[in-house]
Structures are given as structure tokens and as C-alpha cells.
Amino acid sequence: MFLEFKAEVEKVLKQALASYEYKDLEIVESEHADIASTVAFSLARVYKRAPKEIAEDIVNHLPAEEYTLISHAVAAGPYINFYVSDFFLHKTLQSIKEGLEPTEKNRGKIIIEHTSANADGPLHIGHLRNAIIGDVLARVLKRAGFDVETQYYVNDLGRQIAVAVWGAGRMAFAADKKADHAVADVYIAANRELEEHSEYLNAVEELMRKYEAGDDATVKRYETVVNTCLTGVKETLKRLNIKHDLFVMEGEFVRSGAVDAVVNELMQKGDVKLDGTALLLQLEGIEKELVIKRSDGTSLYTTRDLAYHRWKSNRCDRMIDVFGKDHELVSQQLTKALALLSVKAPEYVIFEFVSLPSGSLSTRAGRYISADELIEKIEERAYEEVEKRRDDLDEVKKPEIARMVGIGALRYDMVKVSPDKHIVFDFDDALDIEKKGAPFVQYSHARACSILRAAAAKGVLTDDVYDSALLREDSELELIKMLSKFDYLIAGVTSDLKPHRIAKYARELAEYFNLFYRYCPVLNADEEHRKARLVLVDCARVVLSNVLDVLGIKAPEEM
RNA sequence: GUCCCAGUGGGGUAAUGGAUAUCCUUUGGGCUUGCGGAGCCCAAAAUCCGGGUUCGACUCCCGGCUGGGACGCCA
């Protein structure tokens with residue numbers, strides 16, 4: 001609803017500015033108003049008058065008779081402050097009661113690629129950041145009315161996989177281990193062996209050549225390793241509430257000839273030169289030329305990625321790639337090379353690294369914290385907390401709530417920080433569930449549910465006729481305004497792709513609900529207030545549950 | 001060396017160029033004859049350094065410093 005308020009402010013402000021020339025309405029959020037404009041500052045310069053005077057003049061020209069969602073506007077010095085009307089507050093509650101469906105639908109198809117970890121071992125905490133950022137964005141975009149498809153791009157052609165496949169030919173996967181962990185064991189052991197015996201490297205290279213050429217037996221060996229690993233990875237993702245619509249194998253693009261087609265087209269359209277038998281592409285603005293074909297004729301990651309993006313671009317309106325910071329140069333090369341092929345560029349969400357206090361993560365060196373280990377520990381920790389507080393619950397409910405709280409805390413922790421912030425992962429800190437994170441928001445939701453349950457038990461109906469004008473306390477007004485901003489938030493994140501803003505909103509909403517709870521009795525209020533407040537509690541419950549859903553966090557009815 | 005990113009109270013973190021810099025944690029103090037205390041209130045404490053642009057800079061520009069990353073016929 002806040003979006004509609006903002007639109008009305010823009011409309012009336014434009015009318016009031018009819019006699020001025022301006023570039024922008026300069027609408028800003030403000031703590032002194034529901035929304036404000038600072039346009040008087042820049043007009044002051046042009047018209048050589050005091051900004052305060054101009055602000056007053058603009059306010060005097062606002063068509064107050066057209067206000068519906070606006071109650072009034074005032075000039076506070078050079079600022080023009082707008083305030084919401086009672087009708088806005090009423091309409092906010094009504095629209096939430098009617099459901100939070102996106103106002104715009106069928107806005108086109110978006111393919112978002114995320115996680116895409118190599119199939120050489122389990123997901124670690126770095127992949128987790130990628131997966132959770134990607135998953136939250138996918139959920140936001142769905143809310144915003146897009147048709148979203150999530151893809152996991154499976155690297156099955158890299159040297160890493162060849163090493164794992166080679167290793168799998170010499171030792172068996174441990175049968176008693178989770179599949180992806182068993183693959184990692186083999187991969188790490190194989191790497192160690194190759195370091196000691198470089199004579200085995202030929203065998204690895206031969207595997208790579210045979211696989212690209214489509215040798216049946218080799219393809220089968222690869223598939224076994226990759227699928228084994230992915231089985232485990234999918235289990236982990238499922239626990240985290242993450243699902244990919246499609247797993248796309250890199251190898252397909254080589255075998256289908258799509259990669260060759262890309263290389264040939266680049267030779268015609270780009271600045272390509274020969275270095276021995278390898279092909280180098282010079283891209284504008286990037287010093288380093290891009291190798292698009294190896295001397296031995298096999299393909300490279302970037303070239304295969306070009307073919308993948310060309311394929312994707314034909315299946316959607318927007319492409320979004322969630323990449324680690326180490327892929328930034330690649331993303332620039334990708335954009336430039338795609339332009340040569342007349343393929344639209346993807347939008348990139350680039351996030352900074354997650355490292356351990358002991359240094360950077362490395363699957364090969366076995367230096368990582370697996371997502372599974374983290375999930376295991378955090379759920380244990382959450383179970384302890386539940387047991388501490390809710391001894392009355394049975395052994396079905398307790399672990400169920402512990403899972404919701406544990407996974408919630410983990411997801412919230414990963415998404416709450418701006419993607420361009422480097423994270424040093426601290427195990428104890430991640431396990432500290434008592435912080436104001438997901439459990440805080442979940443608790444507010446459970447509390448709202450509890451009030452509604454108690455009301456139902458007393459036979460008070462929430463869908464009674466109610467008078468929203470009775471909601472006059474500060475904590476009530478602030479809560480309603482916060483509720484109204486859900487659509488505004490979704491619209492914002494849809495364009496700036498910054499998922500940490502969702503986490504911040506969720507926490508703030510829970511805070512406002514707690515304040516309302518503290519200052520306004522619901523069930524113990526007189527009948528008219530009780531009715532109106534129950535509606536407000538129900539609306540808060542709906543928005544809390546929706547914002548948690550966007551974060552991929554379960555909203556427990558009790559905890 | 002070149003390029004990219006980050007630098008905000010003791011630690012972590014937020015802030016489309018706008019009014020009194022957010023929140024967590026920490027430390028200290030307080031709130032329950034209340035619908036669930038995983039709650040609420042109060043206090044302490046911060047924009048790396050130096051220039052510049054601007055009516056106005058955490059935010060933009062230039063130069064440093066510190067930390068991370070990229071610069072493979074790896075992915």
C-alpha cells in the first residue's frame with residue numbers, strides 16, 4: 001500500500017511544481033514524516049530564493065482536494081513533509097486481509113542461477129551464502145509477479161571433476177557416508193596422490209579428452225561421480241528449504257556442438273587471434289585476452305558459459321547470476337563476449353567471500369566447514385533452547401520447532417549482511433541463537449498466533465466489523481505503516497537485488513509488533529478496541545509470515 | 001605491479017547526497033497482581049587518515065593507509 005501512497009505524493013507534487021522547472025521530485029524517506037521531498041533545495045539554487053520560501057510556496061500549490069491516501073503536507077523549513085491519511089491506514093489493513101498477492105502479474109520470466117558448486121564434494125559455508133542469497137532473491141522476484149526458474153549449473157567438465165573421476169577408479173566411495181562427503185574423500189585422496197606422483201596427470205587429462213569427445217564408458221564413469229555427489233548436495237539443500245527447478249550439465253553444451261558454434265561465431269565477429277593452436281579473443285576494455293579454445297582443441301569454462309547463457313537467454317526475459325567475488329572478471333568477459341554474439345547480458349549479484357579465521361576455504365585441501373556439519377550443530381543448539389523453554393511439548397513438536405528455529409537462524413545469519421561485505425565465519429557466533437535474528441521474528445509470529453488462538457477460544461471472531469479509526473496509539477500507527485511497506489520493500493529489492501534489506505525489514509517489523517504488544521492490550525481491551533486490535537494482530541501475523549516466507553524461513557505457530 | 005571490493009561505538013552491522021548515524025553484541029541499571037519474558041525501557045560507546053565538490057558528505061571525486069579478492073590454455 002505504501003507504493004500507492006508514494007505514487008499519490010508524486011502525482012500531487014508534480015502539479016504543485018507546474019510553474020517550476022525541476023529534474024527530479026527528490027522524494028526521500030524521512031524520520032520526520034511518512035515521506036518527504038527535498039526538491040526545494042535544488043530549486044533554491046536555480047531560482048535564487050530561500051529554500052524555505054520555495055517549500056512553502058510548493059505546499060500552498062498542492063491540490064489538497066485530491067488527497068486520498070495523504071492526510072496533509074507541511075513545509076518544515078526547506079523540507080516538504082507528507083503524512084498518511086486514516087483512509088490509507090484503513091486500506092492497508094483491508095489489503096492485507098484480502099491477501100498479499102502481487103499487484104502486477106506476468107511480468108515475464110527470470111532465470112536465476114545460484115549455488116552451482118562443483119560436484120567434487122559437499123556444500124560448504126561459502127556455497128551456503130550463494131545458495132541463500134539466490135534463494136531469497138528467487139522468492140522476492142516471485143512475489144513481485146515474475147515467473148522465476150532457478151537453475152544449478154553443474155560443472156562436470158573441469159579438471160576437479162576429472163580428478164574425482166580418476167580417484168573413483170582407484171578407490172570406492174565409502175558406503176556408510178553421505179554421498180557428497182564420500183566423493184570429497186576420494187577427491188581429496190586423489191589430489192594428494194597426484195601431488196606425489198605427477199606421472200598420473202596424463203591419465204587425468206586423458207579422461208578429460210575422452211569425456212569431451214563423448215566416449216561412452218567415460219561418460220558413464222563421470223555420470224556416476226557427478227550424480228552421486230549431487231544426490232548428497234540436493235539433500236543438504238532440501239534441509240535448507242532450497243530447491244532448484246533445473247540442473248543443467250555443462251557437458252551438454254560441448255556435446256551438442258553449441259560451444260563450437262560459439263567459438264566459430266566469435267572468430268567471425270570478434271578480434272580473435274591464434275596463439276600456436278589456441279584461440280585468443282581480445283575484448284574491449286579488458287587488457288587480458290580471453291582464451292576461447294585450448295591448444296589441444298578442448299573447451300574452457302568461459303566458452304562453455306557463453307553457450308549456456310546463449311541457451312538461457314532464449315528461454316527468459318531476464319537472467320540473474322549469483323556469483324562469488326572471484327568470478328567478477330569472468331562476469332565482465334562474459335558480458336562483453338555475449339554482446340559480440342548479440343545475446344543480452346545477465347544481471348550479476350556478486351557477493352564477497354566467506355572465510356574461516358584460519359584462512360580461505362578450500363575443498364581440495366579439505367579446509368572447509370561443510371553445510372551439513374553446521375546444520376547438524378545449529379539444530380542441536382536450537383533443540384537445547386526449545387527444551388529449556390518448552391518442557392511441556394512432546395518429542396514430535398520439540399525437534400520440529402528446533403528445525404524451524406535452527407535453519408531459520410542459519411538462513412537469517414547468511415542473508416542479513418550486505419553481499420559486498422566479506423565475512424569471517426565464526427562457528428560460535430553462528431550458533432548463538434539468542435541474538436535478535438530469525439528466532440526474534442519467529443517469536444513475534446508465534447505470539448500473534450497465540451493471541452488469535454486465545455481469541456478464538458473465547459469466541460471472539462477476527463473478521464467482525466471493526467473500526468480502524470480506533471487504532472490511534474503510536475505503536476498501532478507505526479505498526480500499520482510498517483505493514484504497509486511490505487510491497488514497497490519487495491519492489492525495491494526487485495530492482496536493487498539486495499536481499500539483506502528483507503532481513504532488516506523482518507526484524508523491524510517484529511520490533512514494531514512487540515512494541516504494540518507491550519503498549520496495547522488486545523484481549524483485555526474494551527470490545528470495540530478488541531475487535532480492531534485483533535484485526536491488526538491478524539494483519540501483523542500475515543505480513544510476518546509472508547516476510548519469513550520470502551526469507552525461506554518457517555513461521556511457527558508456537559515455539 | 002594493475003584492477004575490483006570493504007574500512008562506522010570494545011566486536012559485528014544498517015543507512016536512493018538531506019533533518020538527532022540503525023540495530024545486534026558487550027557492560028551497567030530498571031520493568032511482570034497483564035494476550036507467551038526467545039519480550040520491553042534507560043545508560044555508555046563509532047563514520048580509517050588527508051584534501052576537494054556541495055546550501056548539505058558515512059554516502060560523490062582525488063591521494064594515502066589497512067584487510068580481502070582478481071589478474072591461468074583452472075573453474
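First the proteins, then the strands, lettered A, B, ... as listed; each starts at 1. Only this structure's heavy atoms are used, side chains among them; waters, hydrogens and symmetry mates stay out.
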**OP:** Mind calculating the distance between CD (Glu29(A)) and P (rG18(B)) to the nearest angstrom?
**Re:** 11 Å
Subject >> Pairing partner of rU27(B) (Watson-Crick or G-U wobble, both distances under 3.5 Å) >> reply: rA43(B)
Subject >> Donor-acceptor side-chain pairing of His422(A) and Ser355(A) below 3.5 angstrom >> reply: yes
Original post:
Considering every strand shown, what is the Watson-Crick or G-U wobble mate of rG1(B) when both distances are under 3.5 Å?
Top reply: rC71(B)
Subject >> Protein-to-nucleotide contact annotation, 5' to 3' order, nucleotides 36-47 of chain B [B base; S sugar-phosphate only; - none; under 4.0 Å, heavy atom] >> reply: BSBSSS------
Subject >> Euclidean distance for P, rA21(B) against rU26(B) (whole angstrom) >> reply: 25 Å
Original post:
Which residues pass the salt bridge (Lys or Arg N to Asp or Glu O under 4.0 Å) test with Glu400(A), sequence neighbours left out?
Top reply: none
Original post:
Given the rule in the side chain to side chain donor-acceptor pair (under 3.5 Å) test, do Glu53(A) and Tyr47(A) qualify, once you have shown the distances and angles that lead to the verdict?
Top reply: CA-CA 11 Å; Glu53(A) 238 177 78; Tyr47(A) 291 91; over 6 Å; no
Under-3.5 Å N/O pairs linking protein and nucleotides 12-15 of chain B:
unit_1, atom_1, unit_2, atom_2, d
rA14(B), OP1, Ser418(A), N, 2.9
rA14(B), OP2, Lys421(A), NZ, 3.0
rA14(B), O2', Lys504(A), NZ, 3.4
rA15(B), OP1, His500(A), NE2, 3.1

**OP:** Please measure how far the C1' atom in rU59(B) lies from the corresponding atom in rU8(B), and state the result in whole Å.
**Re:** 12 Å
Original post:
If we ignore angles and hydrogens, is there a donor and acceptor under 3.5 Å between the side chains of His529(A) and Asp526(A)?
Top reply: yes
**OP:** With heavy atoms under 4.0 Å as the rule, sort Asp413(A) into base, sugar-phosphate or nothing.
**Re:** nothing
Subject >> Electrostatic pair Arg209(A):Glu206(A) at N-O distance under 4.0 angstrom >> reply: no
Original post:
At what distance, to the nearest 0.5 angstrom, does NE2 of His114(A) lie from CG of Asp321(A)?
Top reply: 11.5 Å
**OP:** Between rA45(B) and rU13(B), how far apart are the C1' atoms? Round to whole Å, please.
**Re:** 15 Å
**OP:** Only counting residues at least two apart or in another chain, list the ones meeting salt bridge (Lys or Arg N to Asp or Glu O under 4.0 Å) with Asp394(A).
**Re:** none
**OP:** Figure out the CG/P separation between Asn524(A) and rU33(B), and round it to whole Å.
**Re:** 13 Å
Subject >> Asp57(A)-Tyr20(A) side chain donor-acceptor pair, cut-off 3.5 Å >> reply: yes
**OP:** In whole angstrom, give the distance that lies between atom CG of Asp24(A) and atom P of rG18(B).
**Re:** 12 Å
Side-chain donor-acceptor pairs under 3.5 Å in residues 287-298 of chain A, sequence neighbours left out?
unit_1, atom_1, unit_2, atom_2, d
Glu289(A), OE1, Lys273(A), NZ, 3.4
Arg294(A), NH1, Thr298(A), OG1, 2.8
Arg294(A), NH1, Ser299(A), O, 3.0
Asp296(A), OD1, Thr298(A), N, 3.0
Asp296(A), OD1, Thr298(A), OG1, 2.7

Original post:
For rA6(B), what is the paired nucleotide under Watson-Crick or G-U wobble rules, both distances under 3.5 Å?
Top reply: rU66(B)
Original post:
Does Glu508(A) or Asn81(A) map to a spot on RNA chain B nearer the 5' end, using the closest nucleotide for each?
Top reply: Asn81(A)
Original post:
What is the nucleic acid contact for Ala525(A), judged by heavy atoms within less than 4.0 Å: base, sugar-phosphate only, or nothing?
Top reply: nothing
Subject >> Whole-Å C1' distance, rC62(B) and rU53(B) >> reply: 11 Å
**OP:** Could you check Lys312(A), His309(A), Gln151(A) and say which one makes a side chain to side chain donor-acceptor pair (under 3.5 Å) with Glu113(A)?
**Re:** Lys312(A)
Subject >> Carboxylate-amine/guanidinium contact Glu284(A) Lys336(A), below 4.0 Å >> reply: no
**OP:** Summarise protein proximity over nucleotides 69-75 of chain B in one line of letters, 5' to 3': B for base, S for sugar-phosphate only, - for none, counting protein heavy atoms closer than 4.0 Å.
**Re:** SSSSBSB
**OP:** Remember a base hit wins even if backbone is also touched, and classify Cys449(A) as base, sugar-phosphate or nothing at under 4.0 Å, heavy atoms.
**Re:** nothing
**OP:** Can you measure from CD1 (Ile407(A)) to NZ (Lys554(A)) and round to the nearest 0.5 angstrom?
**Re:** 9.0 Å
